[in-house]
Number of protein chains: 2
Amino acid sequence: MKHLVTFRVIEAIAQTGSIRSAAERLSQTPSAVQRRLQNYEEELGFPIFERTAKGVRLNSAGELVIQHIRETLADTERLNSRIADLAGMRRGHVSVGCSQALVPYFLPREIAAYGALHPNVTFESVVIEHEQAAELLESYTVDVVLVFNEKSVPDYDVRLVVPQRLMAIMAVDHPLARYDVLRLRQCYAYPVALPVRGFGGRALLEQALYGKTFAAPPSMESNSFEFLKAHVAMTDAITFQIEIGAPDGTEGAGIVSRCIDPRDVVGGMLYVGQRRARTLPVAASRFVEKVSRTLADAYGPAARRSGPG
Amino acid sequence: MKHLVTFRVIEAIAQTGSIRSAAERLSQTPSAVQRRLQNYEEELGFPIFERTAKGVRLNSAGELVIQHIRETLADTERLNSRIADLAGMRRGHVSVGCSQALVPYFLPREIAAYGALHPNVTFESVVIEHEQAAELLESYTVDVVLVFNEKSVPDYDVRLVVPQRLMAIMAVDHPLARYDVLRLRQCYAYPVALPVRGFGGRALLEQALYGKTFAAPPSMESNSFEFLKAHVAMTDAITFQIEIGAPDGTEGAGIVSRCIDPRDVVGGMLYVGQRRARTLPVAASRFVEKVSRTLADAYGPAARRSGPG
DNA sequence: GCCAAGCGTTGCATTTTAGGCAACGGAGCG
DNA sequence: CGCTCCGTTGCCTAAAATGCAACGCTTGGC
């Protein structure tokens, strides 16, 4: 969109923190970028960046401007999306921020299903921690978040909440694999391999183990769930994951998952959320609806909201 | 703002209904306007006007676009206003839609008081009927409405409601002028001069007179309250007005106003309102706050809401 | 204390874009 | 049938945007 180039330029400057690097990102010369900024500041009547030796930084007026720019860009995308929808083209782009647990099974499945119906919709997924969710929504970096959160109240518009139990994951020939439900104490008879702090299941587990006599330090820590799965497949160690991220037996990697007795762990919640007071582009909105339906069917809604189109 | 010229052009086309007249309003040639439109449609990928023999008309995509354009223009104004506010300049423009009764005394007084504090704020006032209020707010034609409404529930965001009694207006030497409170029956002993239907007081009165034996057709009707005032000053006729529009004795035009007994008329309500889900520019928002304070002090709030900034 | 590196900024030449002018083709109307 | 008003387009000129090269400045390392 031609009339938005200045906005795109200013956003690039704000993000990179310097005119030259913004120019590089935009494949332009510094002078072109600098002039766009200068012209805009002149029109506005105020400078929006303060110039430092190392680059530029938004001043308080600039904070207002960048917010307006992001709103405008998002609104424009929404307009395009609605018009495409009107013409039956079902186009658009959806940017999803999600917890790590959604990555291996759930999200790719959902996206694949949606993409099969609407091939012209493009996707982008970034793994985030739940503390970042509100911020990324606020800055329009992502349209939707799907995050696991063990306790706090989200600071964004929650469209769906579903409960999540904790699962133990182990090799298919593991002695505990013959039980359907496991007590935590049983698991801790074996070495445990845990995700690092920040991963969804970890916080649940620490909460549950607080004060338990059988609690022991993990024999293995990793920030890669792929690695943990491979590890437990080859040893008698046990790792944990919330149910949506646990292997469902369809992958044949020699591992199985078993539910932890609800008496041992209070489950956390999986949140589907979007920016407060934002009307999503059609593609994103439909995607959220589809995901919400899947989640509600699978886990039963703890709370639900029917938002505006 | 340079990057909004296309939007302004499109809005002009939409309003005038033809490219040539839009061009004339914008002091440009038809070809320039036509090219802007064409380029925008090309960028968008869809035509937004259907071409007819007499001009152009928005199609359904165009309806979405024009809505987006109006939102964007309003948002831009809000941004400018906030930045001016940040710089302590307190600039801006406020467009007020109000009922006729507000015109002679209340609104000019409020605007004058506000303008004395903030000389760089410009104003625009249009007299409207309450049925138009929601529509004018919706299309961003006015920022604020101050309307009298005898019954229905407003279809916009109400920031303040105050009750309004009905007043009788007569010459200062009228026989009834010696009473402080009048019964309707007393007034109808004299000829009555009424505003036309649509004016605030008229509907109240008709409601009150329904089924009354002393009801008589008005001896005079006019859509000019100025005329009615002059008329009653020179005859023994009586006219009516809600209290905010009634002369308060400061103007010395030989007329006085007396309250109608509340047993005879159910009072209507004066509404202060703005567009749903809109954050007003700073100047408009402050003006609304000031007006609301004045109204609440004068008539006591029937209901009140403290809106966001 | 100086010098190299990186920053924002500016004069100048070039390219790209927008605008005015005049003319064309088509639809409605008497 | 002809007149009028509409949107549209080719052509030319004016204006805006961009790239290039160079300037002045601050910072950080030697």
Side-chain angles (χ1 to χ4, degrees), chain A residues 1-63 65-66 69 72-73 76 83, chain B residues 1-63 65-66 69 72-73 76 83:
Chain A
M1 287 306 221
K2 186 83 64 65
H3 62 279
L4 293 176
V5 293
T6 300
F7 281 2
R8 296 231 149 81
V9 167
I10 291 175
E11 218 219 345
I13 301 175
Q15 278 188 9
T16 61
S18 99
I19 291 180
R20 289 188 118 94
S21 48
E24 191 173 0
R25 175 201 285 203
L26 300 167
S27 311
Q28 286 199 326
T29 56
S31 66
V33 172
Q34 136 76 7
R35 288 224 164 82
R36 281 218 113 91
L37 173 58
Q38 202 169 41
N39 286 340
Y40 183 78
E41 288 181 329
E42 210 161 304
E43 269 190 351
L44 197 65
F46 300 91
I48 60 173
F49 286 99
E50 66 177 281
R51 273 65 169 175
T52 73
K54 303 204 257 284
V56 296
R57 195 174 55 219
L58 285 167
N59 62 18
S60 50
E63 297 287 352
V65 170
I66 200 73
I69 286 178
T72 303
L73 293 175
T76 304
I83 286 183
Chain B
M1 286 309 221
K2 188 85 64 66
H3 61 280
L4 295 175
V5 292
T6 300
F7 281 4
R8 296 231 149 82
V9 167
I10 292 176
E11 218 218 346
I13 301 175
Q15 279 187 9
T16 62
S18 99
I19 291 180
R20 290 190 118 96
S21 48
E24 191 174 1
R25 175 201 285 203
L26 300 167
S27 310
Q28 286 198 329
T29 57
S31 68
V33 172
Q34 138 75 6
R35 288 224 163 82
R36 282 218 109 93
L37 172 60
Q38 199 170 41
N39 286 340
Y40 183 80
E41 288 180 328
E42 209 161 305
E43 270 190 349
L44 196 66
F46 300 91
I48 60 174
F49 286 98
E50 67 178 279
R51 273 66 168 173
T52 74
K54 305 203 258 283
V56 296
R57 196 174 54 220
L58 285 166
N59 62 19
S60 48
E63 296 287 351
V65 170
I66 200 73
I69 286 178
T72 302
L73 292 176
T76 304
I83 285 182

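The sequence lines fix the lettering, A, B, ..., with proteins before strands; numbering per chain opens at 1. Quick caveat, the model's predicted, so the values are computed rather than measured. Because only heavy atoms are used, hydrogens play no part in the values below, and waters and symmetry mates are left out as well, while side chains stay in.
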Nearest-Å distance for atom pair CG/C1', residues A:L26 and D:dG19: 15 Å
Spacing of A:F49 atom CZ relative to C:dC7 atom C1', expressed in whole Å: 15 Å
Salt bridge (Lys or Arg N to Asp or Glu O under 4.0 Å) assessment of A:R51 paired with A:E41: CA-CA 13 Å; A:R51 273 65 169 175; A:E41 288 181 329; 3.0 Å; yes
Donor-acceptor pair between B:T52 and B:R57 side chains, under 3.5 angstrom: no
Do any N or O atoms of the protein come closer than 3.5 Å to N or O atoms of nucleotides 6-11 of chain D, and which pairs are they?
unit_1: D:dG7; atom_1: OP1; unit_2: B:I19; atom_2: N; d: 2.6
unit_1: D:dG7; atom_1: OP2; unit_2: B:R20; atom_2: N; d: 3.2
unit_1: D:dG7; atom_1: N7; unit_2: B:R20; atom_2: NH1; d: 2.4
unit_1: D:dG7; atom_1: O6; unit_2: B:R20; atom_2: NH1; d: 3.4
unit_1: D:dT8; atom_1: OP1; unit_2: B:R51; atom_2: NE; d: 2.7
unit_1: D:dT8; atom_1: OP1; unit_2: B:R51; atom_2: NH2; d: 3.4
unit_1: D:dT8; atom_1: OP2; unit_2: B:Q34; atom_2: OE1; d: 2.3
unit_1: D:dT8; atom_1: OP2; unit_2: B:R51; atom_2: NE; d: 3.4
unit_1: D:dT8; atom_1: OP2; unit_2: B:R51; atom_2: NH2; d: 3.3
unit_1: D:dT9; atom_1: OP2; unit_2: B:Q38; atom_2: NE2; d: 2.8
unit_1: D:dG10; atom_1: N7; unit_2: B:R35; atom_2: NH2; d: 3.1
unit_1: D:dG10; atom_1: O6; unit_2: B:R35; atom_2: NH2; d: 3.4

Nearest-Å distance for atom pair CD/P, residues B:E42 and C:dA18: 11 Å
Nearest-Å distance for atom pair CG/P, residues A:N39 and D:dA15: 16 Å
Integer-rounded Å distance: C:dT17 P and A:H3 NE2: 17 Å
Rounded interatomic separation in angstrom, taking CD from B:E43 and C1' from C:dT17: 13 Å
All side-chain contact (heavy atoms from CB on, under 4.5 Å) counterparts of B:R35, not counting sequence neighbours: B:S31
A:E43 side chain to B:K2 backbone, donor-acceptor under 3.5 Å: yes
N/O (side chain, B:R36) to phosphate O (OP1/OP2, C:dG19) under 4.0 Å: yes
Side chains of A:Q15 and A:E11, donor plus acceptor under 3.5 Å: yes
Parallel, tilted or perpendicular: ring planes of A:F7 versus A:Y40, cut at 30 and 60 degrees: perpendicular
